[in-house]
Amino acid sequence: MIRRSSFLVTAAMMTALMGHAGEMPDFSQLDLDDDGLISEDEFVSHHANAGAASEAEAKARFTKLDLNSNGTVSEEELADAL
């Protein structure tokens, strides 16, 4: 039940993000160093520079996407969140 609630919150957050920023960029646009993972710095930098969110909002969104809390978001985590 908790995982389902977490998923629903994340889905709602991503829907809101897409509404404000057009369309969520694909993984390669967020993975700036092409290491197969999105770091918090990459995510925050992209969203803050695009005007999609403040730095604090982007950090909060990243935390929600980082499903295993390891400090990075994999392509699988991003797909699961969407």
Please report the shortest heavy-atom distance between [X] and [Y], naming the atom on each side.
{"X": "Leu30", "Y": "His47", "result": "CD2-CE1, 3.9 Å"}
{"X": "Phe62", "Y": "Ile38", "result": "CE1-O, 3.5 Å"}
{"X": "Arg61", "Y": "Ala53", "result": "NH1-CB, 3.0 Å"}

Legend entry - Pairing residues for Ser54 by the side-chain contact (heavy atoms from CB on, under 4.5 Å) criterion, not counting sequence neighbours: Ala56, Glu57
Inset, instruction - Mind checking side-chain contact (heavy atoms from CB on, under 4.5 Å) for Asp35 and listing every partner two or more places apart, or none if nothing turns up? - result: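 Partners of Asp35 by the side-chain contact (heavy atoms from CB on, under 4.5 Å) criterion, ordered by chain and then number, come out as Asp31, Asp33, Leu37.
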Inset, instruction - Mark yes or no for whether His46, through its side chain, and Glu42, through its backbone, hold a donor-acceptor pair below 3.5 Å. - result: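 Not at all, since once roles are kept as given, no pair shorter than 3.5 Å links the two residues.
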Legend entry - Under 3.5 Å: donor-acceptor pair, side chain of Asp66, backbone of Gly71: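 Yes, Asp66 side chain to Gly71 backbone: donor-acceptor pair under 3.5 Å.
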Inset, instruction - Give the C-alpha distance, both sets of side-chain angles, the deciding distance and a yes or no for side-chain hydrogen bond (donor to acceptor under 3.5 Å, both in side chains) between Asn49 and Ser45. - result: CA-CA 6 Å; Asn49 289 339; Ser45 174; 3.3 Å; yes
Legend entry - From CA spacing to verdict: side-chain hydrogen bond (donor to acceptor under 3.5 Å, both in side chains), Asp26, Ser28: CA-CA 6 Å; Asp26 70 29; Ser28 64; 2.7 Å; yes
Legend entry - With Asn70 via side chain to side chain donor-acceptor pair (under 3.5 Å) - residues at least two apart: Thr72
Inset, instruction - Kindly write out the residues that satisfy side chain to side chain donor-acceptor pair (under 3.5 Å) with Ser69, not counting sequence neighbours, or none if the list is empty. - result: none
Legend entry - ILVMFWY network linking Val73 to Val44, side-chain heavy atoms under 4.5 angstrom: no
Inset, instruction - Not counting sequence neighbours, which residues clear salt bridge (charged side-chain N to carboxylate O under 4.0 Å, His left out) with Glu40? List them please. - result: none
